[in-house]
There are 2 protein chains.
Amino acid sequence: MSCASEYAPQLRSRGYRITPQRMAILHVLRHSGEHLSPRDVYQKAKKDFPRLTEPTVYRTLEFLVRNGLARPAQAGNGRLRYQLATGDHHHIVCRGCGDEIEVEHSLLESLYRKMESTSGYKRIDSHVTFFGVCPECQQP
Amino acid sequence: MSCASEYAPQLRSRGYRITPQRMAILHVLRHSGEHLSPRDVYQKAKKDFPRLTEPTVYRTLEFLVRNGLARPAQAGNGRLRYQLATGDHHHIVCRGCGDEIEVEHSLLESLYRKMESTSGYKRIDSHVTFFGVCPECQQP
DNA sequence: AACGTTATTGTAAAAACTTGCAACAAGGAA
DNA sequence: TTCCTTGTTGCAAGTTTTTACAATAACGTT
């Protein structure tokens, strides 16, 4: 699969290994849309690689996040969902009706740079869900 | 306990009920510091009110968040911790070691105002966890 | 003070997630 | 190609969090 050739060098060069489990999970993240729960990933990746187990999925997702290949997205309830670390955008969810719109990542760029300089942290870059009240729900 | 008189009116006026479970949990949040896990809260509050059960703790914490009395803070691994909703701040979690620091809410104010004007949403205001790499983990 | 409504809780069981450890296999070296 | 090292995985058992529903109790009303 073409995914492998793209991600493998990044991992191998840091001393990590390329395994079919990791490739299957990357493949799912790449081709199955955004905001996938660990269970989503498990069920889909299992089709590619049936010996896959759930603990491996959890460990791999964490691993991919640590290495910047995936990004965690917070669902409303605190459970983590995952997606590939590209095509960056965020969401605002209406507290009233649950309606959801996207926010360009560029809006957050300057905030990130400001946080980096005041905190000493680098590579701040996160998928974020904000909450607000949409125009319709603002009517009395 | 003095906690009750402070929070009770807020809840009662919205049609919610004052229960010893809720009071015990608020008491814990008030007097046991920040970033408490549901289990921390359970074990401490149980001393005040031994009939307390774990599902009640989870439900009550969520309830307090919905009503603005408590605030969730994400630990590095995605597990939620809770604290009283005062002194608004956010977190940056290090992707490497999980270390965590606070970010002043004021840093985000202008972003929120900008998002409100471009999106039409109002009252945007969220507790957010960002991810980055802390100074120690930036060493090669 | 007793009553009724209905928000809230406890119970029990399931689902989601984590951990420890022995077995395995990726990839460099011989 | 075969051997070794050690990063990864599977297994099994633990812990944490959620769910469904019947029982309970807060509190406005009588």
Side-chain angles (χ1 to χ4, degrees), chain A residues 1 4-5 7-26 28 35-46 48-67 69-70 72-82, chain B residues 1 4-5 7-26 28 35-46 48-67 69-70 72-82 96 98:
Chain A
M1 73 188 65
S5 51
Y7 300 114
Q10 273 192 76
L11 295 178
R12 195 150 14 191
S13 69
R14 300 191 211 180
Y16 301 121
R17 292 178 184 172
I18 311 307
T19 68
Q21 291 89 339
R22 283 175 181 172
M23 287 305 109
I25 288 170
L26 275 169
V28 167
H35 307 311
L36 296 167
S37 70
R39 164 148 294 255
D40 292 337
V41 173
Y42 171 63
Q43 289 176 338
K44 287 171 192 287
K46 207 175 165 60
D48 265 14
F49 189 78
R51 280 176 39 208
L52 185 68
T53 62
E54 282 191 284
T56 295
V57 171
Y58 284 96
R59 282 180 296 213
T60 300
L61 288 170
E62 247 183 63
F63 167 85
L64 293 174
V65 170
R66 268 201 316 281
N67 288 281
L69 296 185
Q74 323 208 26
N77 50 32
R79 286 188 179 169
L80 289 181
R81 292 176 164 265
Y82 295 86
Chain B
M1 72 188 65
S5 52
Y7 300 113
Q10 272 192 76
L11 295 179
R12 195 148 16 191
S13 69
R14 301 191 211 179
Y16 300 122
R17 293 175 183 175
I18 311 308
T19 67
Q21 290 89 338
R22 283 175 180 171
M23 287 306 110
I25 288 169
L26 274 168
V28 167
H35 307 312
L36 297 166
S37 70
R39 165 147 295 254
D40 293 338
V41 173
Y42 172 63
Q43 289 175 338
K44 287 172 194 284
K46 208 174 165 59
D48 265 14
F49 189 79
R51 281 176 39 206
L52 186 67
T53 63
E54 283 192 284
T56 296
V57 170
Y58 283 95
R59 282 180 298 214
T60 300
L61 289 171
E62 247 184 62
F63 166 85
L64 294 174
V65 170
R66 269 202 315 281
N67 287 282
L69 296 184
Q74 301 243 13
N77 49 31
R79 287 187 177 170
L80 290 179
R81 292 176 165 263
Y82 294 86

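Reminder, nothing fancy here: chain letters follow the sequence lines and each chain counts from 1. When reading the values below, keep in mind they use all heavy atoms of this one structure, side chains included, and skip hydrogens, waters and symmetry mates.
- Regarding A:Phe49, its CZ atom lies at a distance of 11 Å from the C1' atom of D:dT8, rounded to whole Å.
- Counting only heavy atoms from C-beta on, A:Arg22 has its side chain closest to D:dT9 among C:dT11, C:dG10, D:dT9.
- Closest heavy-atom contact between B:Leu52 and B:Ala45: CD2-CB, 3.5 Å.
- We find that CZ of A:Arg81 is positioned 9 Å from P of C:dC17, with the value rounded to whole Å.
- When rounded to the nearest whole Å, the span between CZ of A:Arg14 and P of C:dG27 equals 16 Å.
- Side-chain atoms of B:Arg12 and B:Ile18, non-hydrogen and from C-beta on, do get closer than 4.5 Å to each other.
- Sparse packing is recorded around NZ of A:Lys44, with 12 or fewer heavy atoms of other residues, nucleotides or ligands lying under 6.0 Å away.
- Distance A:Glu54 CD to D:dA13 P: 16 Å, rounded to the nearest Å.
- One finds no side-chain N or O of A:Tyr58 lying less than 4.0 angstrom from the OP1 or OP2 phosphate oxygen of C:dT18.
- Side-chain atoms of A:Asp40 and A:Ser37, non-hydrogen and from C-beta on, do get closer than 4.5 Å to each other.
- One atom, CG of A:Leu64, and another, P of D:dT8, lie 11 Å apart when rounded to the nearest Å.
- At distances below 3.5 Å, not a single donor-acceptor pair connects side-chain atoms of B:Thr60 with backbone N or O atoms of B:Val57.
- Here the side chains of A:Arg22 and A:Phe63 are in contact, with some heavy-atom distance below 4.5 Å.
- Taking atom CG of B:Leu61 as the reference point, atom C1' of C:dT9 lies 15 Å away to the nearest angstrom.
- Between B:Phe63 atom CZ and D:dT18 atom P there is a gap of 17 Å when expressed in whole angstrom units.
- Here C:dC17 presents its P atom at 12 Å from CD of A:Glu62, a figure rounded to the nearest Å.
- Taking 4.5 Å as the limit, some side-chain heavy atom of A:Leu69 sits within range of a side-chain heavy atom of A:Leu11.
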* Per-nucleotide protein contact string for nucleotides 21-30 of chain D (B base, S sugar-phosphate only, - none; heavy atom under 4.0 Å) -> ----BBSS--

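- Between A:Val65 and A:Leu61, the closest side-chain pair of non-hydrogen atoms is not below 4.5 Å.
- A heavy atom closer than 4.0 Å to some atom of DNA chain C occurs in no member of residues 36-44 of chain B.
- With sequence neighbours left out, the ring-ring contact (aromatic ring centres under 6.0 Å, His included) criterion links B:Tyr42 to no other residue.
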